Protein chains: 2
Amino acid sequence: MKVPALDRTSPVPLYFQVAGRLEQLIESGQLPVGGRLENEVELADRLGVSRPTMRRAIQYLVERGMLVRKRGIGTQIVHPKVRRPVELSSLYDDLAKSGKQPTTRIRHLDVRPAPDHVAEALGVPEGTEVTWFERIRFATGEPLALMHNAVPVDVLPLRRDDLEARGLYELLRAAGYVPRMADQVVGARAATAAEARLLGDTRGAPVLTMTRTAWDAGGRAVEYGSHIYRASRYSFALTLSS
Amino acid sequence: MKVPALDRTSPVPLYFQVAGRLEQLIESGQLPVGGRLENEVELADRLGVSRPTMRRAIQYLVERGMLVRKRGIGTQIVHPKVRRPVELSSLYDDLAKSGKQPTTRIRHLDVRPAPDHVAEALGVPEGTEVTWFERIRFATGEPLALMHNAVPVDVLPLRRDDLEARGLYELLRAAGYVPRMADQVVGARAATAAEARLLGDTRGAPVLTMTRTAWDAGGRAVEYGSHIYRASRYSFALTLSS
DNA sequence: CAGTGGTCTAGACCACAGG
DNA sequence: CTGTGGTCTAGACCACTGG
């Protein structure tokens with residue numbers, strides 16, 4: 001595999017170019033998994049960058065779980081592929097990515113003062129106006145989830161058409177409110193009769209529940225959601241790291 | 001609040017001392033949330049450290065969600081408290097921390113070749129020997145979870161007594177296999193009659209399911225688990241960040 | 001324009017692991 | 001002891017923001 005040389009005129013930071021180069025060498029097998037990297041001084045020399053820059057590149061891959069460093073020992077390759085941390089995406093994005101043709105039906109949408117528990121979750125004063133809406137999400141025609149959301153109106157005005165055509169997170173991102181942090185609680189319970197009817201399931205069928213509050217980089221609460229998913233058709237996959 | 005001065009003879013890195021100092025100033029309210037920090041050059045001067053060291057301290061707090069930086073703008077305080085990323089802990093630890101008096105009953109324990117799906121999850125050759133065990137976890141006397149685990153024998157030999165007195169993760173940590181990364185899948189289903197009996201629940205009651213594979217820092221698979229939790233008594237709380 | 005954070009360098013010393 | 005990564009410095013230049 002061809003590895004591009006470093007380009008010092010590029011706006012891409014040097015350390016990032018170096019990291020990408022290492023990543024390619026590892027993924028292509030030229031640097032074997034389980035093997036050791038040269039020491040950072042020699043690597044820096046070989047690539048013609050300073051040691052701090054080399055360290056930054058290595059550190060970047062360490063944070064992504066590809067390398068492990070030990071003082072006095074060296075740097076070892078532990079994974080050929082990067083493990084991604086938990087994704088902060090919406091169901092819509094997930095389905096679209098896996099080719100499941102998501103569609104959405106808006107059952108309700110209005111602007112109202114935030115109920116107490118929602119205001120508390122969002123960390124806004126009671127009575128703050130939010131857009132409140134209820135959606136059913138389908139995947140390849142099958143009902144999958146029943147979703148309730150609140151988005152403060154001063155974050156983003158939302159319209160039915162937008163929500164039917166695109167995912168909430170996509171709309172938030174487009175408006176500059178990039179979700180960066182979220183508290184989630186995942187549980188399970190039996191579906192009520194009404195929920196079962198909407199989801200095309202039987203009463204008492206197990207459903208996954210998820211409530212989430214999401215904030216952007218500036219710490220501004222952008223979304224509160226309380227959703228249920230058909231347990232027979234959905235589960236959450238997470239990669240955790242500490 | 002008194003803030004300790006920097007100690008250049010301490011083995012604690014300077015940048016970490018600086019970060020702790022900033023953290024205290026913010027938590028004590030001397031630096032107001034929403035306010036801006038001085039620029040990094042002046043801060044470095046004021047504390048008598050170099051700019052790179054100051055940057056590293058600030059970066060540390062940025063990664064923990066306490067500060068937000070924007071080029072050309074400055075550094076803003078967005079959270080008084082640090083948000084922790086997802087915890088990688090066992091149910092036992094969680095219960096113990098919240099004062100729920102966890103107890104464990106070992107229903108079964110043996111050493112056997114890993115079943116195919118377990119070997120695949122652990123990424124070890126088929127037939128690798130694992131300790132396989134089934135536990136019921138109680139909280140304040142009530143059954144809470146039914147847990148199945150596999151731990152490769154060459155990672156750690158496990159005995160009933162140990163597992164009854166302590167959590168699996170505590171045992172792994174004590175043996176030097178610190179779980180650092182995990183893939184989890186969380187779902188839900190209805191309990192079988194046998195499961196319901198063991199959990200003191202009724203047949204068909206909703207249960208949370210969780211399967212997990214955990215690795216240590218060196219990329220070595222240390223644990224595979226397949227658990228069910230009574231939905232009426234347990235849910236997962238997560239803080240995600242990207 | 002002035003002020004901010006982002007990148008990069010060359011070199012120094014230290015702490016830890018292993019033979 | 002040698003070799004490794006970990007920390008720290010002083011200074012340079014660049015890129016972006018806002019007035």
Side-chain angles (χ1 to χ4, degrees), chain A residues 5-22 31 34-78 176 178 180 217-218, chain B residues 5-22 31 34-78 176 178 180 216-219:
Chain A
L6 300 180
D7 176 3
R8 288 177 171 273
T9 70
S10 160
V12 178
L14 255 188
Y15 77 90
F16 194 82
Q17 294 184 45
V18 172
R21 209 172 140 142
L22 281 176
L31 294 173
R36 277 228 333 259
L37 240 55
E38 268 182 300
N39 75 62
E40 60 190 33
V41 178
E42 283 181 16
L43 275 175
D45 272 355
R46 184 188 299 273
L47 297 183
V49 300
S50 68
R51 186 178 166 212
T53 300
M54 192 68 231
R55 279 182 63 76
R56 189 157 175 190
I58 293 174
Q59 189 55 36
Y60 177 77
L61 295 180
V62 168
E63 277 156 18
R64 297 177 67 185
M66 197 175 236
L67 302 176
V68 172
R69 316 197 79 182
K70 280 179 194 150
R71 171 151 52 178
I73 305 287
T75 304
Q76 200 178 19
I77 303 159
V78 293
V178 183
R180 292 270 276 173
Chain B
L6 300 180
D7 175 5
R8 301 185 93 94
T9 71
S10 159
V12 177
L14 254 189
Y15 78 89
F16 195 81
Q17 295 184 45
V18 172
R21 208 173 141 141
L22 282 175
L31 294 172
R36 279 230 329 262
L37 239 56
E38 268 182 301
N39 74 63
E40 61 190 30
V41 179
E42 283 181 16
L43 275 176
D45 273 355
R46 185 189 299 273
L47 296 183
V49 300
S50 69
R51 187 182 163 206
T53 300
M54 191 69 231
R55 279 182 63 76
R56 189 159 175 191
I58 292 174
Q59 189 56 36
Y60 177 77
L61 295 180
V62 168
E63 276 157 18
R64 298 178 67 187
M66 198 175 234
L67 302 175
V68 172
R69 317 195 79 183
K70 280 180 192 149
R71 170 150 54 175
I73 306 284
T75 304
Q76 198 176 20
I77 303 159
V78 293
V178 182
R180 291 270 277 172
D216 72 0

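Note that the structure is a prediction, hence the values are computed from the model and not measured. Within every chain, numbering begins at 1; the chains are lettered A, B, ... in the order of the sequence lines, protein sequences first and strands thereafter.
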What is the separation between atom CD on A:Gln76 and atom P on D:dG3, rounded to the nearest whole Å? 20 Å
Short side-chain to backbone donor-acceptor contact, A:Gln76 and A:Gly35, under 3.5 Å: no
Report yes or no: does B:Gln17 contribute a side-chain atom to a donor-acceptor pair with the main-chain N or O of B:Val12 at less than 3.5 Å? yes
Using atom names, set out every protein N or O paired with an N or O of nucleotides 4-7 of chain D below 3.5 Å, distance rounded to 0.1 Å.
| unit_1 | atom_1 | unit_2 | atom_2 | d |
| --- | --- | --- | --- | --- |
| D:dT4 | OP1 | A:Asn39 | ND2 | 3.0 |
| D:dT4 | OP2 | A:Asn39 | ND2 | 2.9 |
| D:dT4 | O2 | A:Gly72 | N | 3.2 |
| D:dG5 | OP1 | A:Thr75 | OG1 | 3.2 |
| D:dG5 | OP2 | A:Glu40 | N | 3.0 |
| D:dG6 | OP2 | A:Arg55 | NH1 | 3.1 |
| D:dG6 | OP2 | A:Arg55 | NH2 | 3.2 |
| D:dG6 | OP2 | A:Arg69 | NH1 | 3.1 |
| D:dG6 | N7 | A:Arg51 | NH2 | 2.8 |
| D:dG6 | O6 | A:Arg51 | NH1 | 2.9 |
| D:dG6 | O6 | A:Arg51 | NH2 | 3.4 |
| D:dT7 | OP2 | B:Arg56 | NH1 | 3.3 |
| D:dT7 | OP2 | B:Arg56 | NH2 | 2.5 |

Whole-Å distance between C:dG5 P and B:Leu67 CG? 11 Å
Worked verdict on A:Val49 versus A:Arg8 for side chain to side chain contact (heavy atoms under 4.5 Å, CB included): CA-CA 10 Å; A:Val49 300; A:Arg8 288 177 171 273; 3.9 Å; yes
Between B:Arg56 and B:Tyr60, does any side-chain donor sit less than 3.5 Å from a side-chain acceptor? no
Rounding to an integer number of Å, can you tell me how far B:Met54 CE sits from C:dT4 P? 14 Å
Rounded to whole angstrom units, what separation is found between the CG atom of B:Leu47 and the P atom of D:dT9? 11 Å
Go through the steps to decide whether A:Leu67 and A:Ile77 satisfy the test side chain to side chain contact (heavy atoms under 4.5 Å, CB included), and finish with yes or no. CA-CA 5 Å; A:Leu67 302 176; A:Ile77 303 159; 3.7 Å; yes
Report the C-alpha distance between A:Arg21 and A:Leu47 in whole Å, list the side-chain angles of each, state the deciding distance to 0.1 Å, and finish with yes or no for side chain to side chain contact (heavy atoms under 4.5 Å, CB included). CA-CA 10 Å; A:Arg21 209 172 140 142; A:Leu47 297 183; 3.8 Å; yes
